[in-house]
Amino acid sequence: MYTRPIIYKVYSIIVIVFAALGFIGSIVSGFSFTSMLSRYFPFFNGLSSTIMVLLVIVSLLSLFFSYIEFSSMFTFAEMIEYESSNSMYPFEKKPFVLPAKFYKSYGSVIFYITLFLQAIVIIATIISASIEKQAFICLPVIPIAISLLSLVLTYIVYYAKYKAFADLLTIVNQKEVDSATKESLKENKPNLLRGYCAFLFVIAIISAIAIIALTIFMFNPVSSVLGTGGAIAVSAIYISIGVLLFLSLSVTGCYFDNLAKMLEHHMIRFKMI
């Protein structure tokens with residue numbers, strides 16, 4: 001059984017709204033900061049323009065990433081509704097949704113860029129450690145393990161997720177599913193997505209426990225500085241952040257699980273499993 005689609009729709013809208021507000025906030029604060037630099041330090045005029053351009057580019061990229069997340073999750077919610085309706089007609093995506101091939105390419109590009117960068121980081125780490133230890137090859141286990149873990153997570157969060165979404169979107173958009181789409185569907189790994197779902201729930205529980213423990217531990221020190229009322233207010237903020245984090249991880253985990261479930265549904269339909 002799928003998670004209620006309305007949850008994904010609400011969550012995805014929240015994502016894009018906060019991303020838009022963050023974009024506007026970044027531009028406004030960046031403009032104010034660079035104006036202040038130019039006013040008090042005239043020789044920063046050229047530098048402030050460069051900072052502003054870089055800030056706009058980074059803010060646009062962040063907004064773009066959020067838009068991709070919003071459009072894919074919102075559309076997936078509608079795909080769940082479509083599956084439940086047993087409609088005889090192909091699924092019609094909203095005008096703001098990009099083509100399925102774009103989502104697949106987007107996930108691939110992010111993964112391969114990360115792969116390239118992590119390879120450079122690992123090589124640089126090995127060379128640096130080897131020089132420091134005066135050894136022919138020195139393998140610093142912890143930094144390499146962190147880089148590999150980052151790469152694996154990027155593979156799941158971008159490559160595997162968006163490939164699954166793109167393949168499912170292609171399938172529901174076709175009245176007769178072609179062989180190329182079936183072959184692409186067969187390459188997906190539902191268990192990998194479901195495993196990441198379990199991972200997120202574990203992280204959510206650990207985070208909740210850590211925040212509760214931190215709130216209890218910090219109550220007396222904070223109350224000695226801000227008083228009981230101040231400590232209660234700070235505790236409420238900590239708990240609110242913990243609840244929001246838990247809900248965010250839970251919704252994201254359900255999203256991965258439901259992607260895996262829909263993949264398996266169509267794999268069974270085409271006798272792939």
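These numbers were taken from a predicted model, which means no experiment stands behind them.
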Test salt bridge (charged side-chain N to carboxylate O under 4.0 Å, His left out) applied to Lys161 and Glu69, step by step: CA-CA 11 Å; Lys161 181 180 75 173; Glu69 180 68 17; 2.8 Å; yes
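- Shown here for Arg194 and Glu264, the closest heavy-atom pair between the two residues is NH1-OE2, 2.8 Å.
- Scanning both residues, Ser71 and Thr75, for their nearest heavy atoms gives O-OG1, 2.6 Å.
- Contact between Pro190 and Leu263 at its shortest, heavy atoms only, is CG-CB, 4.1 Å.
- Between the side chains of Asn258 and Tyr8, at least one donor N or O sits under 3.5 Å from an acceptor N or O.
- By the 4.5 Å side-chain criterion applied to Ile, Leu, Val, Met, Phe, Trp and Tyr, Ile209 is assigned to a cluster that also includes Ile205, Phe246.
- Glu176 is linked by a salt bridge (charged side-chain N to carboxylate O under 4.0 Å, His left out) to nothing, counting only residues two or more places apart in sequence or in another chain.
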Chi angles and distances behind the ring-ring contact (aromatic ring centres under 6.0 Å, His included) call for Tyr158, Phe111: CA-CA 7 Å; Tyr158 287 97; Phe111 170 69; 9.7 Å; no
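- Between Tyr2 and Phe76, the angle of the ring planes goes over 60°, which puts this pair in the perpendicular group of the 30/60° scheme.
- Pairing each heavy atom of Asn173 with each of Pro90, the nearest pair is O-CB, 3.6 Å.
- Across all their heavy atoms, Tyr162 and Tyr103 have their closest contact at CB-O, 3.3 Å.
- Between Lys94 and Glu78 there is a salt bridge, with a side-chain nitrogen of the basic residue lying less than 4.0 Å from a carboxylate oxygen of the acidic one.
- Between the side chains of Thr181 and Asp178, at least one donor N or O sits under 3.5 Å from an acceptor N or O.
- Side chain to side chain, Tyr155 and Thr114 fail the donor-acceptor criterion of an N or O pair below 3.5 Å.
- With sequence neighbours left out, the salt bridge (charged side-chain N to carboxylate O under 4.0 Å, His left out) criterion links Glu81 to Lys9.
- Taking CZ of Phe23 as the reference point, atom CG of Leu61 lies at 10.5 Å (rounded to 0.5 Å).
- By the 30° and 60° cut-offs, the orientation of the rings of Phe70 relative to Tyr67 is tilted.
- With a 4.5 Å cut-off between side-chain heavy atoms of Ile, Leu, Val, Met, Phe, Trp and Tyr, the cluster of Ile212 takes in Ile216.
- In terms of heavy atoms, Arg269 sits closest to Ile171 at NH1-CG2, 3.8 Å.
- Under the salt bridge (charged side-chain N to carboxylate O under 4.0 Å, His left out) criterion, Glu83 pairs with no residue at all, not counting sequence neighbours.
- Contacts of Lys104 classified as salt bridge (charged side-chain N to carboxylate O under 4.0 Å, His left out), with partners at least two apart in sequence or in another chain: Asp167.
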Cys254 vs Phe201, side chain to side chain contact (heavy atoms under 4.5 Å, CB included): CA-CA, chis, key distance, verdict: CA-CA 9 Å; Cys254 290; Phe201 274 109; 4.0 Å; yes
